[in-house]
Amino acid sequence: ELVTHGSYLSNRLYDLIKTSGQKVAIKLPKRLSGDETGESIRPRQCKVLKRQARDVRLTEVFLTFRVTYYSNEKREELMTIGCDIHGKLLGQVEFPYPPSLLEEAEIPRFPFTKTESKVFYERCLEWVETHARQQAFAYQQELAAQYHQDVIRLEGFYRQMIEEIPELASDRDTQTQQLQQEYEQKATEELRKCHVQVSIDAISFCTVSVPFRRIRYLLSPESERTEKAAVTVESFYNLFFGNLIFPACASCEHEMRVPGLCEHCGQAVCSDCLHECRGCGVLVCSECGSEACAECGGWSCPNCSEECHLCGKRFCAEHLLGCRECRRHVCPDCREDCAECHGIAGH
């Protein structure tokens with residue numbers, strides 16, 4: 001038989017094979033030596049006190065769900081949700097390992113306990129539920145638009161049927177009532193079709209053990225202005241694929257190839273989140289309050305910048321004025337609008 005979308009054969013096949021792929025563990029072999037990794041990061045205004053390299057195995061997790069939407073028609077989608085080697089939820093991803101590569105892999109024992117598996121499952125399920133809720137709402141909006149068109153069509157049809165009943169007909173009221181009831185029944189049926197029900201089934205739980213060369217760096221500030229402790233960051237070289245995974249920025253959580261150390265919080269952040277104050281020269285990250293001046297765009301730390309008490313924008317010391325009467329900071333655009341002294345502010 002021809003297997004088409006929604007065919008009962010698809011469900012029959014799924015019922016037959018669903019138990020064979022519920023939990024799968026894959027162990028990838030080491031294909032590279034790791035000697036070609038080189039320096040994976042370039043520290044910014046900080047020094048590397050120590051560098052250590054070690055071969056490790058880390059686990060990636062992929063859970064696949066089948067999401068089914070029931071309304072006037074049935075819609076389905078398969079979603080694979082991934083977690084990286086650090087356990088960070090990646091959201092919907094494509095399974096990165098084609099069958100040709102998996103021919104080299106081993107099938108070891110499943111590495112997680114039931115409790116550990118449940119933690120991954122619940123985190124991934126929460127992501128899928130959020131996605132399914134959004135999709136169901138979008139489908140329902142589509143159905144609602146169609147429902148209004150169908151109800152208008154039905155209303156016009158039954159109104160015309162009622163108008164065609166002869167005025168002198170002895171059972172005119174009975175026929176009118178029957179047609180109105182029939183219209184209401186049809187409208188209720190159309191409304192029922194607008195309701196979207198969602199079913200989420202876990203299809204498979206796959207773990208992939210990947211060989212890595214872990215490179216650990218101990219970074220220390222170059223500046224003598226701070227006494228912050230040294231910070232450890234790690235990069236990972238995939239010994240199966242040959243790609244590098246850079247350490248994550250403490251501020252934006254993106255990969256950072258050029259890490260630096262914030263002199264306020266002492267954390268390692270990327271070059272996009274770390275800024276040198278134009279006033280005192282301190283390196284400060286965005287999380288600690290480093291902001292660009294609204295006038296000149298130069299970056300300043302919290303100690304070298306202030307907010308205009310009228311407009312709320314932040315300015316460096318060079319582009320701030322002080323009100324002669326209330327002694328509060330105002331910017332050049334608000335210098336004549338100080339509500340407390342009604343005068344012109346000066347430096």
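Here, residue 1 is the first one in the sequence, and each next residue gets the next number.
Between the side chains of Gln181 and Gln185, no donor-acceptor pair of N or O atoms lies under 3.5 Å. No hydrogens or angles considered: a donor-acceptor pair under 3.5 Å links the side chains of Thr80 and Thr64.
Arg54 places no side-chain N or O within donor-acceptor distance of the main-chain N or O of Arg216, the cut-off being under 3.5 Å. Side-chain N or O atoms of Arg257 include none that pairs as donor or acceptor with a backbone N or O of Ile41 at under 3.5 Å. The main-chain N or O of Gly87 is found under 3.5 Å from a side-chain atom of Asp84 such that the two form a donor-acceptor pair. Side chain of Arg57 to main chain of Ser209: a donor-acceptor pair is present (N/O by atom type, distance under 3.5 Å, no hydrogens or angles).
In this structure, Val258 is not a member of the same hydrophobic cluster as Trp299, with clusters built from ILVMFWY side-chain heavy atoms closer than 4.5 Å. Cluster membership for Leu218 and Phe246, using ILVMFWY side-chain heavy atoms within less than 4.5 angstrom, is not shared. Residue Leu49 is not grouped with residue Val233 when hydrophobic side chains (ILVMFWY) are merged at heavy-atom distances under 4.5 angstrom, including chains of intermediate members. Residues Val24 and Leu58 share a hydrophobic cluster, clusters being chains of Ile/Leu/Val/Met/Phe/Trp/Tyr side chains in contact below 4.5 Å. Under a hydrophobic-cluster definition in which Ile, Leu, Val, Met, Phe, Trp and Tyr are linked whenever side-chain heavy atoms come within less than 4.5 Å, directly or via other members, Trp127 and Val119 are assigned to different clusters.
The minimum heavy-atom distance between Cys285 and Leu274, with the atom names listed, is N-CD1, 3.9 Å. Of all heavy-atom pairs between Leu63 and Cys124, the closest is CD1-SG, 4.0 Å. Closest approach of Cys262 to Cys288, counting heavy atoms only: SG-SG, 3.8 Å. Between Ser220 and Leu261, the shortest heavy-atom distance links the atoms C-CD1, 3.7 Å. Pairing each heavy atom of Leu89 with each of Cys83, the nearest pair is CD1-SG, 3.8 Å. Here the closest heavy-atom approach between residue Ala132 and residue Ile200 is recorded as CB-CD1, 4.2 Å.
Residues Phe120 and Phe112 place their aromatic rings such that the two centres sit under 6.0 Å apart. For Phe205 and Phe110, the ring centers sit closer than 6.0 Å to each other. Checked against the 6.0 Å centroid criterion, the rings of Phe65 and His131 do not qualify as a close aromatic pair.
Put simply, the side chain of Ile203 reaches to within 4.5 Å of the side chain of Leu78, judged on heavy atoms. With contacts defined as side-chain heavy-atom distances shorter than 4.5 Å, the pair Phe137/Arg133 does not qualify. For the pair Ile81/Val128, a side-chain contact is recorded, criterion being any heavy-atom separation below 4.5 Å from C-beta on. Gln135 has its side chain out of reach of Val198: every pair of non-hydrogen atoms, C-beta onward, lies at least 4.5 Å apart. You'll find the side chain of Leu219 stays beyond 4.5 Å of the side chain of Lys47, heavy atoms only. Residues Leu239 and Asp55 are in side-chain contact: their nearest non-hydrogen atoms beyond the backbone lie under 4.5 Å apart. Residues Leu283 and His275 form no side-chain contact, since every pair of their non-hydrogen atoms from C-beta on lies 4.5 Å or further apart. The shortest side-chain heavy-atom distance between Ser290 and Cys277 does not fall under the 4.5 Å cut-off.
Between the SG atom of Cys301 and the NE2 atom of His264 there is a distance of 5.0 Å, given to the nearest 0.5 Å. Here Ser251 contributes atom OG and Glu287 contributes atom CD; the two are 4.0 Å apart, rounded to the nearest 0.5 Å. With rounding to the nearest 0.5 Å, the separation of CD in Glu76 from CG in Asp201 is 9.0 Å. To the nearest 0.5 Å, the span separating OH on Tyr237 from CZ on Arg213 amounts to 9.5 Å. In this structure, the separation between CD1 on Ile165 and CG on Asp173 is 9.0 Å, given to the nearest 0.5 Å. Rounding to the nearest 0.5 angstrom, the gap separating the CD1 atom in Ile85 from the CD atom in Glu60 is 7.0 Å.
Residue-environment remark: CD (Gln92) exceeds the threshold of 12 foreign heavy atoms within 6.0 Å. Heavy atoms of other residues, nucleotides or ligands lying less than 6.0 angstrom from CD of Glu116 number more than 12. For Glu94, the CD atom sits in a loose shell: 12 or fewer heavy atoms of surrounding residues, nucleotides or ligands are nearer than 6.0 Å.
Taking the charged nitrogens against the carboxylate oxygens, Arg75 and Glu73 do have a contact shorter than 4.0 Å, which makes a salt bridge.
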Check: Under the side-chain contact (heavy atoms from CB on, under 4.5 Å) criterion, do Lys118 and Glu122 qualify, and how do the steps go?
Finding: CA-CA 6 Å; Lys118 186 178 180 181; Glu122 289 178 346; 2.9 Å; yes

Next item on the list: Under the side-chain contact (heavy atoms from CB on, under 4.5 Å) rule, what do Ile215 and Phe236 come out as? Steps first, then yes or no, please.
Entry: CA-CA 6 Å; Ile215 309 165; Phe236 296 88; over 6 Å; no

Check: Between Gln178 and Glu182, does a side chain to side chain donor-acceptor pair (under 3.5 Å) hold up when you go through it step by step?
Finding: CA-CA 6 Å; Gln178 288 178 347; Glu182 187 176 336; over 6 Å; no

Next item on the list: Run the numbers on Phe95 and Cys206 for side-chain contact (heavy atoms from CB on, under 4.5 Å), then give the verdict.
Entry: CA-CA 10 Å; Phe95 189 71; Cys206 179; 4.0 Å; yes

Checklist line | Test side-chain contact (heavy atoms from CB on, under 4.5 Å) applied to Gln45 and Glu276, step by step | finding: CA-CA 10 Å; Gln45 293 179 261; Glu276 184 174 355; 4.1 Å; yes

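Each of Gln140, Gln197, Lys74, Glu77 was compared with Tyr69 under the side-chain hydrogen bond (donor to acceptor under 3.5 Å, both in side chains) criterion, and only Glu77 meets it.
Between Phe241 and Tyr97, the two ring planes are parallel [angle under 30°; tilted spans 30° to 60°].
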